[in-house]
Amino acid sequence: MSRLIAISALACALAACSTAPAKTESASTKATPVKWNADPFPSTYKPYPSAPTAIRNVTIFDGEGGRIERGVVFMSGGKITSVGGPETPIPADIAVYDGTGKFVTPGIIDIHSHLGDYPSPSVEGLSDGNEATSPVRPEVWAEHSVWPQDPGFSRALVNGGVTSLQILPGSANLFGGRSVVLKNVYSRTMQGMKFPGAPYGLKMACGENPKRVYGSRNQMPATRMGNIAVDRATWARAVEYKKKLDKGGDVTRDIAMDTLAGVLSGDILVQNHCYRADEMAIVIDMAKEFGYKVSAFHHAVESYKIADLLKANGICSAMWADWYGFKMESYDGIPENIPLVFNAGACTIVHSDDANGIQRLNQEAAKAMAVGRRIGINVPDEIAWTWLSYNPAKALGIADKTGSLKVGKMADVVLWNGNPFSVYTRPERIWIDGAMMYDANDPKRRPVSDFELGQPGEGDTK
């Protein structure tokens, strides 16, 4: 582990014996904070060309819980220009789509995906999501494994209406590395997909995965107490590293500690894989001990047990509708998890963690709504859409840019051919930053990766 270069006791003694007059430190000789390039792989994303476009006579879910019947959405310059009722003016000589019987929503944002890091085809040569060589690997960045040619990106777009997504490292490690937020567009490079201005995330994991992976190798952690011990020791080192950075001077750079110092500074958001309620409560206390905040617990199948605690600490839960029971720590999951967390007033998100599930997150949310209604928690459709767009945007630190149909935000918009919570409904047209990326009525208006070019049935999404 890197350390500051210390002044030896002998050097100090020699300096004390010197007959030279003492010097007063001037402002110009004081240590200045160490500054390194915090963005060495900058986003080169540029929106595709767009034209002013309006959709009218449509039911609108604005992403923040609002609903408008016979509404109008107007996009221009890549932004939402206006949203309102049937009286909303529409400029002449622009593209206008009639949405009678159809619905418009913000694009879905998946807060938990491994597309590009675990792409299709699923072969060893493309398996790049877990740096399972040490339980502490904050120096790795998920973006450096992203394969932009993964056909899963286009499937998520055209089948699922997903316009942005967070790519996370896997959960073999306590500290799995940095995550990256992407715009779901075709690009030759990862940088060309990178969401401009989105904060990085730190993937952490608790519970069975780290202790199973490393315990099987007869190394720490092999238990849950080992998990927390390694976590705390790592955060303690990170606190000391940050103190040295803040003081400035001669500091040897440590890429792993850079990430953790970014978390402690509030610049990098913690995305924590965790299933059990008791472990989430321990992590919350540990975060308070070292002065960081968990943005969201992922999977979180027992969030319903501590929804009040999550609300009090402003922590989101990114959950499945009914994926649980496949290992011991997911045994106590229940299908009512999502509506119960929502009903307690805690931040509620529906996520995928799956290349197939990402194509039907709208249906996953619908299942949670149905279960909630059966137990008396009646969540209106337009409110439930916050689970798919605004809340994940908030937990990713991009809610000021996307996640809802508000004037000035990115025009990431989906026109659905029916109620988006129906299993029979599909995206009809999709815009990202105002550019139409998909049109179900035009076979040529759909993204096809380089990998699929020349393949039988290229671009086929059926």
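Given the structure is predicted, the values throughout are model-derived calculations rather than measurements. The chain is numbered in sequence order, starting from 1.
Counting only N and O atoms by type, the side chains of D450 and Y186 include a donor and acceptor under 3.5 Å apart. Between the side chains of K288 and N313, at least one donor-acceptor pair of N or O atoms lies under 3.5 Å. In this model, a donor atom of one side chain and an acceptor atom of the other lie less than 3.5 Å apart for S404 and E64. Judged purely by distance below 3.5 Å, without hydrogens or angles, the side chains of D98 and T100 pair a donor atom with an acceptor atom. Judged by distance alone, the side chains of S352 and D110 do bring a donor and an acceptor atom under 3.5 Å apart. N173 and Y214 form a side-chain donor-acceptor contact under 3.5 Å, judged by distance and modelled atom types alone. Checking E69 against T59 by side-chain atom types alone, a donor-acceptor pair falls below 3.5 Å. Using a 3.5 Å distance cut-off with no hydrogens or angles, the side chains of N159 and R426 do pair a donor with an acceptor.
Here the side chain of D412 pairs a donor or acceptor atom with the backbone of D433 at under 3.5 angstrom. The backbone N or O of G345 sits nowhere less than 3.5 Å from a side-chain atom of K311 that would complete a donor-acceptor pair. Put simply, the side chain of S145 gets close to the backbone of D128: a donor and an acceptor are under 3.5 Å apart. Distance alone, capped at 3.5 Å, places no donor-acceptor pair between the T88 side chain and the P86 backbone. Under the 3.5 Å distance criterion, the side-chain polar atoms of T348 are matched with a main-chain donor or acceptor of A346. Proximity of a side-chain donor or acceptor of E289 to a complementary backbone N or O of D285 within less than 3.5 Å is not detected. A donor-acceptor pair under 3.5 Å links the side-chain atoms of Q271 to the main chain of A395, judged by distance alone. With hydrogens and angles disregarded, no donor-acceptor distance shorter than 3.5 Å links the side chain of S134 to the backbone of R137. Although no hydrogens or angles enter the test, the distance criterion places a donor-acceptor pair under 3.5 Å between the side chain of K194 and the main chain of F41. Judged by distance alone, the side chain of S179 and the main-chain N or O of K203 form no donor-acceptor pair under 3.5 Å.
Remark: E329 does not engage R212 in a salt bridge, criterion side-chain N to carboxylate O under 4.0 Å. Salt-bridge check for E428 with K102: passed, with a basic side-chain N closer than 4.0 Å to an acidic carboxylate O. With respect to the salt-bridge test (charged N to carboxylate O, under 4.0 angstrom), the residues R373 and D381 qualify. For the pair R276 and D278, the salt-bridge criterion is met [side-chain N within less than 4.0 Å of a carboxylate O]. For the pair R67 and D62, the salt-bridge criterion is not met [side-chain N within less than 4.0 Å of a carboxylate O].
Taking the six-membered ring where the residue is Trp, the centroids of Y200 and W141 are separated by under 6.0 Å. Annotation: F103 is not in aromatic contact with W385 [ring centroid separation under 6.0 Å not met]. For H298 and H273, the ring centers are positioned 6.0 Å apart or more.
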- request: Any chance you could lay out the side chain to side chain contact (heavy atoms under 4.5 Å, CB included) test for R429 and Y97, step after step, and finish with the verdict?
  value: CA-CA 10 Å; R429 291 183 174 90; Y97 296 93; 3.3 Å; yes
Side chain to side chain contact (heavy atoms under 4.5 Å, CB included) assessment of I55 paired with V96: CA-CA 6 Å; I55 310 168; V96 180; over 6 Å; no
task: Check step by step if ring-ring contact (aromatic ring centres under 6.0 Å, His included) holds for F342 and W387.
output: CA-CA 9 Å; F342 168 80; W387 304 346; 5.8 Å; yes
- prompt: Given the rule in the salt bridge (charged side-chain N to carboxylate O under 4.0 Å, His left out) test, do D439 and R446 qualify, once you have shown the distances and angles that lead to the verdict?
  reply: CA-CA 7 Å; D439 184 349; R446 65 178 66 203; over 6 Å; no
task: Please lay out, stage by stage, how Y438 and I432 fare under the test side chain to side chain contact (heavy atoms under 4.5 Å, CB included).
output: CA-CA 9 Å; Y438 172 68; I432 296 180; over 6 Å; no
task: Report the C-alpha distance between W235 and F175 in whole Å, list the side-chain angles of each, state the deciding distance to 0.1 Å, and finish with yes or no for ring-ring contact (aromatic ring centres under 6.0 Å, His included).
output: CA-CA 10 Å; W235 282 120; F175 294 81; 5.5 Å; yes
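Across all non-hydrogen atoms, the minimal contact from P199 to V181 is O-CG2, 4.3 Å. Contact detail for V341 and S303: the closest heavy-atom pair is CG2-CB, 3.6 Å. In plain terms, the two heavy atoms of S171 and A205 that are nearest each other are O-CB, 3.8 Å. Across all non-hydrogen atoms, the minimal contact from G107 to V414 is CA-CG2, 3.8 Å. Annotation for S330 and V301: closest pair CA-CG2, 3.9 Å, computed over non-hydrogen atoms. Taking every heavy atom of both residues into account, K242 and S265 meet most closely at CE-OG, 3.1 Å.
Heavy-atom neighbours of R232 CZ from other residues, nucleotides or ligands within 6.0 Å: at or below the threshold of 12. Residue K46 qualifies as open at atom NZ: its count of foreign heavy atoms under 6.0 Å is 12 or below. Counted within 6.0 Å of OH on Y424, heavy atoms from surrounding residues, nucleotides or ligands total 12 or fewer; the atom is thus considered open. The neighbour count for Y331 OH, taken as heavy atoms of other residues, nucleotides or ligands under 6.0 Å away, does not exceed 12.
In this structure, P151 and F451 have side chains that are in contact, with non-hydrogen atoms separated by less than 4.5 Å. The shortest side-chain heavy-atom distance between N362 and T105 does not fall under the 4.5 Å cut-off. For the pair L340 and I377, the minimum side-chain heavy-atom distance is below 4.5 Å. A 4.5 Å side-chain heavy-atom check between M369 and F421 finds at least one atom pair inside the cut-off. Two residues are said to be in side-chain contact when any heavy atoms from C-beta on lie closer than 4.5 Å; S317 and Y304 fail this criterion. With a 4.5 Å cut-off on side-chain heavy atoms, K409 and K406 count as touching. With contacts defined as side-chain heavy-atom distances shorter than 4.5 Å, the pair K183/M193 does not qualify. Within the 4.5 Å cutoff, the side chain of K327 has heavy atoms near those of the N209 side chain.
The side-chain hydrogen bond (donor to acceptor under 3.5 Å, both in side chains) search around T81 returns S76, not counting sequence neighbours. Applying the side-chain hydrogen bond (donor to acceptor under 3.5 Å, both in side chains) rule to H351 yields the partners H299; only residues at least two apart in sequence or on another chain are considered.
Of the inter-residue distances, the one linking I80 atom CD1 with F74 atom CZ reads 10.5 Å to the nearest 0.5 angstrom.
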Enumerate donor-acceptor pairs with a distance under 3.5 Å from any side-chain N or O in residues 115-126 to protein atoms, sequence neighbours excluded.
from: D117; atom 1: OD1; to: V146; atom 2: N; distance (Å): 3.1
from: Y118; atom 1: OH; to: N130; atom 2: N; distance (Å): 3.2
from: Y118; atom 1: OH; to: N130; atom 2: ND2; distance (Å): 3.3

